[in-house]
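Below is one structure, written out as structure tokens; the observations come after it.
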Number of protein chains: 2
Amino acid sequence: MSEAKRESMQKYSSSKENYLKAIFHLQKSDGVVTTNDVANELQTRPASVTDMLKKLKAQKLLIYERYKGFKLSQEGRKVALQIIRKHRLWEYFLVEKLQFGWDEVHEIAEELEHISSRKLIDRLDEFLDYPKTDPHGDPIPDSQGRFTLIKQVDLLHLPPNKTGEVSGIGDQSPEMLELLKHKQIGLGTRIEVKKIFAFDHSLELKVRNQSIVTVSEHVAKNVFVKYDE
Amino acid sequence: MSEAKRESMQKYSSSKENYLKAIFHLQKSDGVVTTNDVANELQTRPASVTDMLKKLKAQKLLIYERYKGFKLSQEGRKVALQIIRKHRLWEYFLVEKLQFGWDEVHEIAEELEHISSRKLIDRLDEFLDYPKTDPHGDPIPDSQGRFTLIKQVDLLHLPPNKTGEVSGIGDQSPEMLELLKHKQIGLGTRIEVKKIFAFDHSLELKVRNQSIVTVSEHVAKNVFVKYDE
DNA sequence: AATTAAATTTAGACAAATCTAAAAAATAAA
DNA sequence: TTTATTTTTTAGATTTGTCTAAATTTAATT
Ligand SMILES: [Mn+2]
Ligand SMILES: [Mn+2]
Ligand SMILES: [Mn+2]
Ligand SMILES: [Mn+2]
């Protein structure tokens, strides 16, 4: 086995993996990541984050100069993507094979994502028949860390009377997932926007070609759909 | 939820869980467990074991007086059995659903057994259709920690020309499992003892009603079978 | 530009799990 | 029953990941 390959197989602590994943996600939305962002995301203290940043830098997983911000190195990004791959495959397994609800799986996957066996995750992928997205519509990276972003638009930008199919959820807090579950909106649900009130930008939706439900602008901004143009 | 129930749901560190499991297994074979036994089993140092014994005692998982030996408390035994349940269910999953060989699954299960969700393991049990034994023939405790010992006898005590069915393996080291795999002996394999040599107690076996293979006394002592009397 | 506020880092501490080396207790041998 | 050997425990360190409080740097306001 080559040196580079062995390096990519290296096992990091669960804590380090959680940091790498958090930084990866924060890079997505902001571009620049701050110490406080990470502390907030991981429910920890800024001082603890600084400590860890130094360790990640020492292992060349992070590009970091004190006070000057930071970002993942190539290697750090690669590791993060493998954790995300594991997280999402396990979520898919829990929902599709073990009948969990989409709002129950995140916490459990947060533990399962740290199981180290490469062979396990590749066999699981095969067993699940190579799913492309997890139960929340997020793309699952392949074993090389490649994944495709799905072109999607939030409900506020779905043209009125066009039917869209739910393809992703932005805010995936338990509260949000509970609300969507209650309104019977899930991945693949067909939705039409019937009206957007000028007053508070709340929306009336036709869900599953049946019931009319109302959602706030805040909710609408976090429900993504794909539709035929 | 009752106090007792919450206690049984308590999460312990992976390290503590490994100690409890090791002590449980050592109690089985010996009755009395020693500090050195545990150190040897867990590939650690006697001093580390003593440290941990004190912590387990403080948590009432262990009955222990310095220099006087130790054994699991009721609660410790209960925790150990839940870890063993998880270990064996995951092993079964890996072999039956992900096509792993029986000699590949132990290490991975050693990690998976520490995933904490109770609901996960009960759903997994259901998904697997409540298997009673793991891929090595060891019984899987139910969610209350109950399990039944299978009546079995080692190959040396299988009456000559009686056909037995392999139901368990004693020594489950990778070396042993590799040997058995090579001789095409696995769980459920039908075996007849054709001859036991007085010189070294080695055995000639008829395997699968076909090939004649020779195994040492050491091997025979670690292959268990059940048969109709 | 000087001051205030916010973000970040350092200093020092702590808990968990481990180790080595040395002391104490229990066992085995002489 | 002394003496020697083995087992077990203690004492004192080390590593990893975390914390609080204080210092430093950067950013925002007057
Ligand atoms: Mn995690
Ligand atoms: Mn997800
Ligand atoms: Mn384990
Ligand atoms: Mn097993």
Per atom distances to the A:Asn36 side chain, the nearest of C:dT8, D:dT9, D:dG17 is C:dT8

Taken to the nearest 0.5 Å, the spacing of B:His87 NE2 from B:His106 NE2 works out to 4.5 Å

Atom CE of B:Met52 and atom P of C:dC19 are separated, to the nearest Å, by 11 Å

To the nearest angstrom, the CG-P distance between B:Leu53 and C:dA16 comes to 16 Å

Atom OH of A:Tyr12 and atom C1' of D:dG17 are separated, to the nearest Å, by 18 Å

For D:dT16, take OP1 and OP2 only and decide whether either is under 4.0 Å from a side-chain N or O of A:Lys16.
no

query = At under 4.0 Å, does any side-chain N or O of B:Lys54 touch on OP1 or OP2 of D:dT9?
reply = no

Do any side-chain nitrogens or oxygens of B:Arg45 fall under 4.0 Å of OP1 or OP2 in C:dT18?
no

note: B:Arg66, atom CZ; D:dA11, atom P; distance rounded to Å ~ 12 Å

Inset, instruction - Look at the side-chain N and O atoms of B:Ser48 and state whether any lies under 4.0 Å from the OP1 or OP2 oxygen of C:dC19. - result: yes

Closest of C:dT9, D:dT9, D:dT18 to the A:Thr35 side chain is C:dT9

inquiry  = Can you tell me if B:Thr44 touches the phosphate of C:dC19, counting only side-chain N or O atoms and a distance under 4.0 Å to OP1 or OP2?
reply    = yes

Testing D:dC19, D:dT10, C:dT8 for proximity to the side chain of A:Thr34, the answer is C:dT8

Separation of D:dC19 atom P from A:Asp51 atom CG, nearest Å, is 10 Å

Picking from C:dT10, D:dA11, C:dA17, the nucleotide nearest the side-chain atoms of A:Thr50 would be C:dT10

Rounded to whole Å, the CG-C1' distance (A:Leu56 to D:dG17) equals 12 Å

Task: Sugar-phosphate only, base, or nothing, as touched by A:Phe70 at under 4.0 Å among non-hydrogen atoms - done: nothing

Item to complete: Measure from NZ or CZ of B:Lys97 to the centre of the six-membered ring of A:Phe93 and say whether it is under 6.0 Å with the direction within 45° of the ring axis.
Response: no

Minimal heavy-atom distance between A:Pro46 and A:Asn36, with the atoms involved, is CG-OD1, 3.4 Å

Can you find a donor-acceptor N/O pair under 3.5 angstrom joining the side chain of B:Tyr67 to the base of D:dT7? no

In terms of heavy-atom contacts, B:Leu203 and B:Ser216 come closest through CD1-O, 4.2 Å

### Message
Please confirm whether the shortest side-chain N or O distance from B:Ser15 to OP1 or OP2 of C:dT18 is below 4.0 Å.
### Response
yes

Rounded to the nearest 0.5 angstrom, the OG-CD distance for A:Ser116 and A:Gln82 is 12.5 Å

To the nearest angstrom, the CG-C1' distance between A:Asn40 and C:dT8 comes to 15 Å

OP1 or OP2 of C:dA16 sitting under 4.0 Å from any side-chain N/O of B:Tyr19?
no

Between NZ of B:Lys68 and P of C:dA26 the distance, given in whole Å, is 8 Å

Closest of D:dT8, C:dT8, D:dG17 to the A:Lys55 side chain is D:dG17

Looking only at heavy atoms, the pair that brings A:Pro131 and A:Leu89 closest together is CG-CD2, 3.8 Å

